[in-house]
Participant: 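Here it is, the structure, as structure tokens.
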Amino acid sequence: MCARDSDLRRGARILSPRDMGFGQLYDDVGDAVVVADANTGNVVLANPVAEEMFGYEPDELIGKAIEVLMPPRYREAHRRGMGAYVATGQGHMIDSRQPQELVGLRKDGREFELELTLTRVRAPRINGRFVVAVIRDSSERKAAARALAASEARWRTLVDDAPDLILTTDTTGKIVSSNRAVQGLVGGELVGRSIFEVAAPLADPRLRPAFEQVASAGSSTSFVGRGAGPDGTPAWYHVRLGPIRLDGWLEGFILIATDITAEKASEDAVRQLAARLADAQRLSHVGSWEWEVSDDRLAWSDELYAIYGVDRHTFGGTVAEFLEAIHPDDRVRVQGAIEAAISGSRPFAFDHRVVRPDGQERLVHCQGEVLVNAQRRPTTLVGTCQDVTALRDAARHMAERDAQLRLERERVQERTEFMHAIAHDLQNPLTTIMGYAEFLDESTLTPDQALYVKELERAAQRMQALIADLLDAARLEAGTATPKLAMADLAALLREAAAAIQPGIQSADLTLALDLPAEPLLVRTDARRVGQVLANLLSNAVKFSTDGGEIALRALQTAAGLRIEVSDRGAGIHPEDREKLFRRYSQLEAGRRHGGTGLGLGISRSIVEALGGEIGVTSEPGQGSIFWFTLPPGA
């Protein structure tokens, strides 16, 4: 070192590195070295690194107070420390084994971060105390550290704020870190715990094999697995697992799991919708299709293959093949309809026949529309085809049925008119017979003559009842007998019917048991028609009962309404004969023996059904019969 006189060095010792016992290392060391007199605090040595670090020319620092190398805000603290050191020989920063992090001041006034190590020395050749400062510029390293910390903070924030489950593990599967999504889902301290023990959200059997695969193959893998959601309900996750390597060595694993429950539900919903659509097409025999005109690509739904009887594996998906599936007599017409739809870009519809490979012929209705591009040119035809064979057959059957109904109505009308004519023609002579019978009854007759007149009157009354039944049957069959509804006491009606049948009961040496509630049974019904049904059922019970037997008349209140029963202890009815009982003009052998017309029960059935009820019989041969009918609530 060359000493030179200057104002800055005046009063200061002039030393060389040799004076301090420094060798070549003083100049070659990479750190800045500054030596200050412990008594004055002035710089006595500064190596080239120090001069360059602080921005000074060679030897410019010599003689300057060491304080010029620090910002003014630190100088007072420095003076106090140096004073204490001079006085006591002790300084908390001197001879410290740990570098001190401070701020330096360059000549141009710029501050920078540094690391400082202070060591007390005694020069072997001179008498005095000195402090050697070894200085390292740490600004770039700390800036890099701060940038790294900021980057790590940003990455941590990004990871923590991510909705995905993100965690890292060591090579054994023990958790090293996890983001908030994982912690919020699992809870508790996770670091150090095995992922296979705490990964309830990812409790899928493929998790452990995935770790083994990544460890052995060294590459990432992924799978879709089941686990638990935030509320504990089943959830689906897309799991991605990859290796973490450091210097080529496997250090651990990173796992990222994305909750795809909503997407999975959407996929399931789409699949279910497609399945329901396929079911709907299958049940309704409707298939959908789409034809790309430019490249002649025809796409069919599953049901169309079934409708046309075409094998999907051999069907090439062209219009030509579609036409081949059509009945030969209909192909030209169908092709013309398609060409007309394309040329006119308008909706279309046509019917055609299909001959399936098994020879079965079906009728198909097709309809659709033409899609065009921005230039109004047809690009795609879309539509549906429906197997309407059953509809055609049903329509044909309905037409035949309508014709039969019309014919039946005509026959009913003819029969009604015929019965009215018969009733009219019979009524006139019957009126004359009854008039003369009444005249004779008032005359003086012998006992035999009086008996003959009574028989004549009974026959006439019987004939009048038959005429009334014929007219009733005709009106009911024609649908002109509309019930006249009003509130009525059904219990009172039953008692009146029981009283009216009493002469027949006594004449046949029978008894009639009534099982009726004491309170009124109010219903809205046609009292006259109900009385007519009761009269028919009671008269039949008298007619077919054994002398000395019992007839029972009862009314039951049920959840479905009122049920009226007339039971007897007669011969009973065979099962095959029960349905015949309620057909008009149909009689069993027993009925013919008793002179019946076969109209009473048929008329009763029509009346009860017109009132919204049902009628039937429960009977076994030799055990009597129970004829019953019901009336709905409010009937």
Participant: I want to check something: taking the side chain as every heavy atom from C-beta on, are Gln386 and Leu391 in contact at a cut-off of under 4.5 Å?
Facilitator: yes
Participant: Side chains of Thr446 and Asp448: any donor to acceptor distance under 3.5 Å?
Facilitator: no
Participant: Report the relative orientation of the aromatic rings in Phe348 and Phe350; use parallel for angles under 30°, tilted for 30 to 60°, perpendicular for over 60°.
Facilitator: parallel
Participant: What pair of heavy atoms forms the shortest contact from Ser545 to Arg569, and how long is it?
Facilitator: OG-N, 4.4 Å
Participant: So does Met398 have more than 12 non-hydrogen atoms from other groups sitting under 6.0 Å from CE?
Facilitator: no
Participant: If you define the side chain from C-beta out and look only at heavy atoms, does anything of Gln557 sit under 4.5 Å from Leu562?
Facilitator: yes
Participant: For a quick test of reading the model, state the closest non-hydrogen atom pair linking Trp289 to Thr384 and the distance between them.
Facilitator: NE1-N, 3.4 Å
Participant: Say you draw a straight line from CG of Leu485 to CZ of Arg529; how long is it, rounded to the nearest 0.5 Å?
Facilitator: 12.0 Å
Participant: Could you tell me which non-hydrogen atom of Arg346 sits nearest to which non-hydrogen atom of Val370, and how far apart they are?
Facilitator: O-CG2, 3.8 Å
Participant: If every non-hydrogen atom of Ala552 is compared with every non-hydrogen atom of Arg554, which pair is closest and at what distance?
Facilitator: CB-NH2, 3.7 Å
Participant: State, yes or no, whether a side-chain contact exists between Trp628 and Leu556 at a heavy-atom distance under 4.5 Å.
Facilitator: no
Participant: Does atom CD of Glu614 have more than 12 heavy-atom neighbours from other groups under 6.0 Å away?
Facilitator: no
Participant: Could you tell me the separation between the CD atom of Glu496 and the CG atom of Asp489, rounded to the nearest 0.5 Å?
Facilitator: 9.0 Å
Participant: Could you tell me if the side chain of Leu490 sits less than 4.5 Å from the side chain of Thr525, heavy atoms only?
Facilitator: no
Participant: Are any of the side-chain heavy atoms of Phe629 and Leu537 separated by less than 4.5 Å?
Facilitator: yes
Participant: Are there over 12 heavy-atom neighbours, none belonging to Arg392, within less than 6.0 Å of that residue's CZ?
Facilitator: yes
Participant: Examine distances only and state if a side-chain atom of Asp330 and a backbone atom of Arg353 form a donor-acceptor pair shorter than 3.5 Å.
Facilitator: yes
Participant: Please report the closest heavy-atom contact between Ser625 and Gly572, naming both atoms and the distance.
Facilitator: OG-CA, 3.7 Å
Participant: Out of curiosity, Arg528 CZ to Leu493 CG, how far, rounded to the nearest 0.5 Å?
Facilitator: 12.5 Å
Participant: Answer yes or no: is there a donor N or O on one side and an acceptor on the other, between the side chain of Arg331 and the main chain of Ile326, under 3.5 Å?
Facilitator: yes
Participant: Go through the steps for Thr558 and Thr630 under the test side chain to side chain contact (heavy atoms under 4.5 Å, CB included), then give the verdict.
Facilitator: CA-CA 10 Å; Thr558 68; Thr630 62; over 6 Å; no
Participant: Would you compute the distance between atom CG of Asn373 and atom OG of Ser294 and round it to the nearest 0.5 angstrom?
Facilitator: 10.0 Å
Participant: Answer yes or no: is there a side-chain heavy-atom contact under 4.5 Å between Leu304 and Cys385?
Facilitator: yes
Participant: Distance under 6.0 Å and angle within 45° of the ring axis: does Arg312 meet both against Trp300?
Facilitator: no
Participant: Nearest 0.5 Å please: distance from the NE2 atom of His352 over to the NE2 atom of His365.
Facilitator: 10.0 Å
Participant: Tell me, do Leu298 and Thr318 make a side-chain contact under 4.5 Å, heavy atoms counted?
Facilitator: no
Participant: Please report the C-alpha distance between Thr261 and Tyr237 in whole Å, then the side-chain angles of each, then the deciding distance to 0.1 Å, and finally whether the side chain to side chain contact (heavy atoms under 4.5 Å, CB included) criterion is met.
Facilitator: CA-CA 7 Å; Thr261 306; Tyr237 293 90; 5.7 Å; no
Participant: With a 3.5 Å distance limit and no angle check, can you tell me whether Ser507 reaches the backbone of Pro503 through a side-chain donor-acceptor pair?
Facilitator: no
Participant: In the structure I gave you, are the side-chain heavy atoms of Phe627 and Thr618 within less than 4.5 Å of one another anywhere?
Facilitator: no
Participant: Please report the C-alpha distance between Leu494 and Leu553 in whole Å, then the side-chain angles of each, then the deciding distance to 0.1 Å, and finally whether the side chain to side chain contact (heavy atoms under 4.5 Å, CB included) criterion is met.
Facilitator: CA-CA 8 Å; Leu494 294 173; Leu553 175 61; 4.0 Å; yes
Participant: Ignoring hydrogens and geometry, is there a side-chain-to-backbone donor-acceptor pair from Asp568 to Ile551 under 3.5 Å?
Facilitator: no
Participant: If every non-hydrogen atom of Leu363 is compared with every non-hydrogen atom of Asp387, which pair is closest and at what distance?
Facilitator: O-OD1, 3.4 Å
Participant: So, does Thr380 use its side chain to make a donor-acceptor pair with the main chain of Leu371 at under 3.5 Å?
Facilitator: no
Participant: Please walk me through it: do Ile573 and Phe544 pass side chain to side chain contact (heavy atoms under 4.5 Å, CB included)?
Facilitator: CA-CA 11 Å; Ile573 304 167; Phe544 296 105; over 6 Å; no
Participant: Drop me the distance from Ile505's CD1 to Leu512's CG, to the nearest 0.5 angstrom.
Facilitator: 5.0 Å
